[in-house]
Amino acid sequence: MGKLVIVGTVAFDAIETPFGKTDKILGGAGTFIGLAASNFNIDSAVVSVVGGDFPQEYLSLMSNKNIDVSGVEIIEDGKTFFWSGRYHNDMNSRDTLVTELNVLENFEPKVPENYRDAEVVMLGNLHPSTQMSVLNQMTEKPKLVILDTMNFWMDCALDELHNTIKHVDVITINDEEARQLTGEYSLVVAARKIHDMGPEYVVIKKGEHGALLFHDDNAFYAPALPLEEVFDPTGAGDTFAGGFAGYLAKTKDYSFDNMKKAVIYGSTLASFCVEKFGTQRIENLSTTEIYKRLDQFKSLTQFEIELN
């Protein structure tokens, strides 16, 4: 059974979209990644921190999905990280209303002893130095290190980000972040520049327009599945990363051809995530539902053509 370590926020979100709004609900990159990866029958652990206000039922939800939560530190007299945002009508842009770091401000991740030999490490969106501290705790060099980051760290911790990027195999960022990181408008040129920074594989997410995978001179494009309703995009990128990492941890095949399949799995799971608020839709996915949607992806992207 593949072993996967996930490092990222376990948090509260409050979300407002054109379709409604929520009070505080379960969120956080580590949560979405963990729930998505749990669909692959692997041995996974989430490393994070929460406050004494975090409900036990949320930790039980993850435990019941066979996610090890022993690496989730509980600071009883602290408050859990909280983010609130409002999405615009196009659902592609949003305004951050509230960000309360709380216990995350002094977070020092501690990887459980029995996961320090994990084959795959998924570094969710955190300060690059925090991400690096996780790699320094591994007793064996992971077969695959995947890193997610964002423009905020490019603005305030660029040197640390460059240092951490040197040590990863795959980076997942969106198109805007790829352009900011490299100063290049062309995503092909941007991917080549990021590859030169260290990662062997570059995944550039384009939201409702799918995702691109680059490796040397090879490229692969996976569209996003056209959906009747997009209810809440929060966590879709992290769900993509969880599906991507979970599939690779299960198959233990890190070739370009298998990475392409991992991108499709990630896109498939992300398509479920956006159908309800927060984690509601991905909490109880069935294998049948996943395979049915994979078949939809296959029908969407495969065709035969005669070249005369």
Worked check of side chain to side chain donor-acceptor pair (under 3.5 Å) between Asp148 and Thr172: CA-CA 5 Å; Asp148 189 29; Thr172 69; 3.1 Å; yes
Criterion side-chain contact (heavy atoms from CB on, under 4.5 Å) on Ile42 and Val120, from CA distance to verdict: CA-CA 11 Å; Ile42 55 174; Val120 180; over 6 Å; no
Stepwise side-chain contact (heavy atoms from CB on, under 4.5 Å) check, His127 with Glu160: CA-CA 8 Å; His127 193 289; Glu160 294 97 324; 4.2 Å; yes
side-chain contact (heavy atoms from CB on, under 4.5 Å) between Leu4 and Tyr115, intermediate numbers included: CA-CA 8 Å; Leu4 169 67; Tyr115 284 92; over 6 Å; no
Working for side-chain contact (heavy atoms from CB on, under 4.5 Å), residues Val145 and Met138: CA-CA 11 Å; Val145 178; Met138 305 305 288; over 6 Å; no
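For Asp295 and Lys298, the salt-bridge test fails: no basic side-chain N is under 4.0 Å from an acidic carboxylate O. The existence of a salt bridge linking Arg116 and Glu113 is confirmed by a sub-4.0 Å separation between a basic side-chain nitrogen and an acidic carboxylate oxygen. A salt bridge is absent between Glu283 and Lys276; no separation between the charged side-chain nitrogens and carboxylate oxygens falls under 4.0 Å. A salt bridge between Asp175 and Lys206 is present, with a side-chain N of the basic residue lying under 4.0 Å from a carboxylate O of the acidic one. Ionic pairing of Glu16 and Arg86 is present here: one or more N-O contacts between side-chain nitrogen and carboxylate oxygen are shorter than 4.0 angstrom. The pair Lys3-Glu140 does not count as a salt bridge, with every side-chain nitrogen at least 4.0 angstrom from each carboxylate oxygen.
Separating the CE atom in Met259 from the CG atom in Leu248 is a distance of 5.0 Å, to the nearest 0.5 Å. Taking CG of Leu269 as the start and CD1 of Ile33 as the end, the distance is 12.5 Å to the nearest 0.5 Å. Atom OG1 of residue Thr31 and atom CG of residue Asp238 lie 9.0 Å apart, to the nearest 0.5 angstrom. Atom CG of Leu144 and atom CD of Glu200 lie 9.0 Å apart (nearest 0.5 Å). Interatomic distance, CG of Leu97 versus CD1 of Ile15, reported as 11.0 Å (0.5 Å rounding). The structure places CG of Leu212 at 12.0 Å from CG of Asn174, a figure rounded to the nearest 0.5 Å.
Relative ring orientation between Trp83 and Tyr87 is described as perpendicular, the plane-to-plane angle rising above 60° on a 0-90° scale split at 30° and 60°. Classification of the Phe231-Phe19 ring pair by plane angle, with boundaries at 30° and 60°, yields parallel. Ring pair Tyr265/Phe40 is perpendicular by interplanar angle, where above 60° counts as perpendicular and below 30° as parallel.
Taking the six-membered ring for Trp, Phe81 and Phe107 have ring centres at least 6.0 Å apart.
For the residue pair Asp232 / Thr234, a side-chain donor-acceptor distance below 3.5 Å is found, with atom types taken as modelled. Defined by atom type and a distance below 3.5 Å, a donor-acceptor pair is present between the side-chain atoms of Ser70 and Asp68.
Here the side chains of Val49 and Leu104 are in contact, with some heavy-atom distance below 4.5 Å. Between Leu227 and Glu275 there is a side-chain heavy-atom pair separated by less than 4.5 Å. The shortest side-chain heavy-atom distance between His88 and Asp95 falls under the 4.5 Å cut-off. Two residues are said to be in side-chain contact when any heavy atoms from C-beta on lie closer than 4.5 Å; Asp216 and Phe256 fail this criterion. Using a 4.5 Å heavy-atom cutoff, the side chains of Leu158 and Leu181 are in contact. Counting only heavy atoms from C-beta outward, the side chains of Tyr201 and Ile194 never approach each other to under 4.5 Å. Between Val188 and Arg192, some side-chain heavy-atom pair lies under the 4.5 Å cut-off. Residues Thr301 and Pro223 meet the side-chain proximity criterion, which asks for heavy atoms closer than 4.5 Å.
For Tyr221, the OH atom sits in a packed shell: over 12 heavy atoms of surrounding residues, nucleotides or ligands are nearer than 6.0 Å. Residue Lys193 qualifies as enclosed at atom NZ: its count of foreign heavy atoms under 6.0 Å is above 12. Environment of CG in Asp23: sparse, with no more than 12 heavy atoms of neighbouring residues, nucleotides or ligands closer than 6.0 Å. Within a 6.0 Å sphere centred on CG of Asn89, other residues, nucleotides and ligands contribute 12 heavy atoms or fewer. Shown here is Lys24, whose NZ atom has more than 12 heavy atoms of other residues, nucleotides or ligands within 6.0 Å. Taking a 6.0 Å sphere around NZ of Lys292, one finds it holds 12 or fewer heavy atoms contributed by other residues, nucleotides or ligands. Taking a 6.0 Å sphere around CG of Asp217, one finds it holds 12 or fewer heavy atoms contributed by other residues, nucleotides or ligands.
What you find for Ala211 and Val263 is that their closest heavy atoms are CB-CG1, 4.3 Å. Gly51 and Thr80 make their closest contact through N-OG1, 2.9 Å (heavy atoms, listed as atom of the first residue, atom of the second, distance). Here the shortest heavy-atom pairing between Leu123 and Gln131 reads O-NE2, 3.6 Å. Here the closest heavy-atom approach between residue Val7 and residue Pro109 is recorded as CG1-CB, 4.4 Å. Taking both residues in full, the closest heavy atoms of Ser129 and Thr164 are given as N-OG1, 4.5 Å, listed atom of the first, atom of the second, then distance. The nearest pair of heavy atoms linking Ile6 to Ala37 is CD1-CB, 4.4 Å.
Under a 3.5 Å cut-off, the side chain of Arg179 and the backbone N or O of Tyr185 do form a donor-acceptor pair. Between the Ser38 side chain and the Lys65 main chain, no donor and acceptor come within less than 3.5 Å of each other. Within the 3.5 Å criterion, the main-chain N or O of Leu225 finds no donor-acceptor partner in the side chain of Ser271. Side chain of Thr239 to backbone of Ala36: no donor-acceptor contact under 3.5 angstrom is found. Looking at Ser133, its side chain does come within 3.5 Å of a backbone N or O of Thr130 through a donor-acceptor pair. In this structure a side-chain-to-backbone donor-acceptor pair under 3.5 Å is missing from Glu184 to Val189. With hydrogens and angles ignored, the 3.5 Å screen pairs no side-chain donor or acceptor of Thr9 with any backbone N or O of Ala11. With Asn258 contributing its side chain and Tyr254 its backbone, the two residues share no donor-acceptor pair below 3.5 Å. Without hydrogens or angle criteria, His195 side chain to Pro199 main chain gives a donor-acceptor distance under 3.5 Å.
In this structure, Lys261 is not positioned above the aromatic face of Tyr247 in the sense of NZ or CZ being under 6.0 Å from the six-membered ring centre and within 45° of the axis.
In this structure, Tyr291 is a member of the same hydrophobic cluster as Leu35, with clusters built from ILVMFWY side-chain heavy atoms closer than 4.5 Å. The same ILVMFWY cluster, assembled from side-chain heavy atoms under 4.5 Å apart, contains both Met197 and Met154. By the criterion of side-chain heavy atoms lying less than 4.5 angstrom apart, applied directly or through intervening Ile, Leu, Val, Met, Phe, Trp or Tyr residues, Ile290 is grouped together with Phe244 in one hydrophobic cluster. Val111 and Met1 fall into different hydrophobic clusters, where Ile, Leu, Val, Met, Phe, Trp and Tyr residues are linked whenever their side-chain heavy atoms come under 4.5 Å apart, directly or through other members. By the criterion of side-chain heavy atoms lying less than 4.5 angstrom apart, applied directly or through intervening Ile, Leu, Val, Met, Phe, Trp or Tyr residues, Trp153 is not grouped with Val202; the two fall into different hydrophobic clusters.
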